[in-house]
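The structure appears below as C-alpha cells.
The basis for the numbers below is simple: all heavy atoms, side chains too, and nothing from hydrogens, waters or symmetry mates. Below, read A as the first sequence line, B as the second, and so on, with proteins coming before strands; counting in each chain starts at 1. Values in this document were obtained by computation on a predicted structure and should not be read as measured data.
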Amino acid sequence: MDSFARRLLAWFDQYGRTDLPWQRERTPYRVWVSEIMLQQTQVATVIPYFERFTERFPTLAQLAEAEPDEVLALWSGLGYYSRARNLHEAARQVARGWQGELPGHIDDLMMLPGIGRSTAGAILAQSLGQRQPILDGNAKRVLARYHAVDGWPGRTAVQRQLWEWAETHTPHSRIADYTQAIMDLGATLCTRGRPDCEACPLGSDCQARQAGTQARYPAPKPRKTLPLRETTMLIAQDANGRLLLWRRPPTGIWGGLWSLPEHDPDESLLDWCRESLGLEASEPTVGPEITHTFSHFRLTISTVLCRAKTATEVKDRGDFSWDLPEELFQRGLPAPVRRLLEAVTEPVDS
DNA sequence: GAATCGTGGAC
DNA sequence: TGTCCAAGATT
C-alpha cells in the first residue's frame with residue numbers, strides 16, 4: 001500500500017463518513033441505487049430519495065417488476081430522469097439474464113444502461129471489496145491536485161492520466177473504505193473553493209500544495225466564445241446629438257419596446273446602447289446606418305453587431321414603455337419620418 | 001469531442 | 001444575480 005492510500009485510510013478511520021444510508025447493509029443493489037442517484041447530485045439531496053426508493057423497492061427483483069411510472073414518481077424532483085429509466089431497465093435485464101444478481105465482473109456491469117466505468121467500479125469496490133478504481137468528481141480533484149495534473153479533466157488525455165493515478169493508488173486491501181475515503185476527502189477537505197490543506201493527511205506530498213497552486217486544479221472547462229448578437233435600433237436624437245428616444249425592432253428581444261432617454265449626456269450613444277442591450281464593451285461593429293436630419297432632431301437607423309456579455313439569454317428588464325410613440329412621434333411628426341417609423345417598426349414575418 | 005440531461009448549493 | 005459545479009453516462 002503506497003503512502004497515499006495509507007495516509008488516506010488513517011484519516012478515514014478518524015474523520016470518514018460511516019453513517020450514510022447506503023453504508024448500512026451494503027448490498028450490491030443498494031450501493032448501485034445510491035451510486036446512480038449520486039451521479040452529479042449532492043449527498044444531502046440524495047438521502048431522502050434513497051430512503052423512499054429502497055423502502056418501496058427493497059430488492060432488485062421488486063424494482064424489476066415495478067411500473068415505470070412508479071419508478072419515475074419516486075425520482076421526481078431529483079433530476080436527470082434518464083437515470084431512473086436506465087436503472088429500471090437495467091434491473092429488468094438483470095432479473096431476466098443474471099438470475100436477479102448484479103453481475104460481479106466490471107465489463108458485464110458496464111454493459112447495463114446507466115452504469116459507466118466509475119459507477120461500476122464504485123459498486124464492485126464498495127459492496128464486494130473488489131479492487132476497482134473510481135474516478136468521480138471528488139477523486140478527480142484530489143488526484144489532479146496531488147499530482148498537479150494540468151488541463152481540463154473533461155479532455156480525454158487528462159482523463160486517461162487521472163484514471164492511471166486512480167489505479168495506481170487503489171490499495172489491495174480495505175477497498176471499500178479507501179473508495180469512501182477519497183470521496184470524503186474531496187467532499188470535506190479537498191473542496192473546490194477553499195481546500196483545507198492544513199488538515200489534509202496528504203498535505204506534505206501534494207504537489208499542488210507544495211507549489212501553492214491548489215486553486216489551479218482541476219483546470220476549469222474552457223470558456224466558449226460568447227455569441228454574437230445583432231440588433232437594429234431606431235434612434236431619435238436632438239440637434240446636439242443627445243438621445244431623445246429609441247425603439248427596438250419588432251422581433252427579437254425587447255421587440256418593439258421604446259426606451260426612455262436616461263443616459264448621461266456625456267456618455268456616448270453607442271456606449272449607452274451597448275449597456276442597455278447587454279453587449280460587451282469591446283469592438284462593436286456598427287453596420288449600415290441611415291440618418292435623416294430634420295429641423296429639430298435627426299433619426300438614425302443603426303445596426304450594431306457585438307459580442308454578448310454572457311452566453312445566457314437576456315431577459316426583459318421591464319423598464320420600457322409601449323405608448324411613448326403616440327405622444328412623441330405620431331403627433332406633429334413630418335410625414336417622411338412617420339413613413340420611416342412605420343417601415344422600421346412594422347412587424348416582420350421571417 | 002461536444003451537447004445534453006435537472007436540480008440545488010456555493011460564491 | 002450569473003455562473004459554475006456536484007458520487008457521470010449517453011448520444
### Task
Can you see which heavy atom on A:Leu124 is nearest to which on A:His105, and at what distance?
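What the structure gives for the nearest pair is CD1-C, 4.2 Å.
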Interatomic distance at [atom1], [N] relative to [M], whole Å:
{"N": "C:dA9", "M": "B:dG9", "atom1": "P", "answer": "24 Å"}
{"N": "C:dT1", "M": "B:dG8", "atom1": "C1'", "answer": "16 Å"}
{"N": "C:dA6", "M": "B:dC5", "atom1": "C1'", "answer": "14 Å"}
{"N": "B:dG6", "M": "C:dC4", "atom1": "C1'", "answer": "15 Å"}
{"N": "B:dT4", "M": "C:dC5", "atom1": "C1'", "answer": "16 Å"}

Expressed as a whole number of angstroms, how long is the span from [X]:[atom1] to [N]:[atom2]?
{"X": "A:Tyr81", "N": "B:dT4", "atom1": "OH", "atom2": "P", "result": "19 Å"}
{"X": "A:Leu185", "N": "C:dA7", "atom1": "CG", "atom2": "P", "result": "12 Å"}
{"X": "A:Leu20", "N": "C:dA7", "atom1": "CG", "atom2": "P", "result": "13 Å"}
{"X": "A:Leu87", "N": "B:dC5", "atom1": "CG", "atom2": "P", "result": "21 Å"}
{"X": "A:Met37", "N": "B:dG6", "atom1": "CE", "atom2": "P", "result": "15 Å"}
{"X": "A:Ile47", "N": "C:dA6", "atom1": "CD1", "atom2": "P", "result": "19 Å"}
{"X": "A:Asp177", "N": "C:dA7", "atom1": "CG", "atom2": "P", "result": "19 Å"}
{"X": "A:Ile36", "N": "B:dG6", "atom1": "CD1", "atom2": "P", "result": "15 Å"}

Around [X], counting heavy atoms of other residues, nucleotides and ligands shown, do more than 12 lie under 6.0 Å from its [atom1]?
{"X": "A:Glu70", "atom1": "CD", "value": "yes"}
{"X": "A:Met111", "atom1": "CE", "value": "no"}
{"X": "A:Tyr81", "atom1": "OH", "value": "yes"}

Look at all strands and tell whether [X] reaches a base, only sugar-phosphate, or nothing, counting heavy atoms closer than 4.0 Å.
{"X": "A:Val46", "result": "nothing"}
{"X": "A:Gln180", "result": "base"}
{"X": "A:Trp22", "result": "base"}

### Message
Please compare A:Arg155 and A:Gly77 by the position of their nearest nucleotide in DNA chain B and report the one closer to 5'.
### Response
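Upstream on the strand: A:Arg155.
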### Message
Taking 4.0 Å as the cut-off, does a side-chain nitrogen or oxygen of A:Arg85 come that near to OP1 or OP2 on B:dC5?
### Response
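No.
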### Query
Does any donor atom in the side chain of A:Thr59 or A:Gln62 lie under 3.5 Å from an acceptor atom in the other side chain?
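Short answer, yes.
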### Query
Could A:Arg83 and A:Glu35 be called an ion pair, given the rule that one side-chain N must be under 4.0 Å from one carboxylate O?
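A salt bridge is absent here (no side-chain N lies under 4.0 Å from a carboxylate O).
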### Closest listed nucleotide, where the reference is the side chain of A:Lys221 and the choices are C:dC5, C:dA7, B:dG8
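Closest of the options to the side chain of A:Lys221: C:dC5.
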### Task
Can you run down the salt bridge (Lys or Arg N to Asp or Glu O under 4.0 Å) pairs that involve residues 170-195 of chain A, sequence neighbours left out, and say none if there aren't any?
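Listed by first then second residue: A:Asp13-A:Arg174, A:Arg17-A:Asp184, A:Arg174-A:Asp177.
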### Query
Is a donor on one side and an acceptor on the other found under 3.5 Å between the side chain of A:Arg30 and the backbone of A:Thr54?
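Here the side-chain-to-backbone pair does not exist.
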Below 3.5 Å between N/O atoms, which protein atoms pair up with nucleotides 8-11 of chain C? Just atom names and distances, please.
from	atom 1	to	atom 2	distance (Å)
C:dG8	OP1	A:Gly137	N	2.9
C:dG8	OP2	A:Gln40	N	2.6
C:dG8	OP2	A:Gln40	NE2	2.7
C:dG8	O5'	A:Gln40	NE2	3.2
C:dG8	O3'	A:Thr119	OG1	3.3
C:dA9	OP1	A:Gly116	N	2.9
C:dA9	OP1	A:Gly116	O	3.4
C:dA9	OP1	A:Thr119	N	3.0
C:dA9	OP1	A:Thr119	OG1	2.7
C:dT10	OP1	A:Gly114	N	2.4

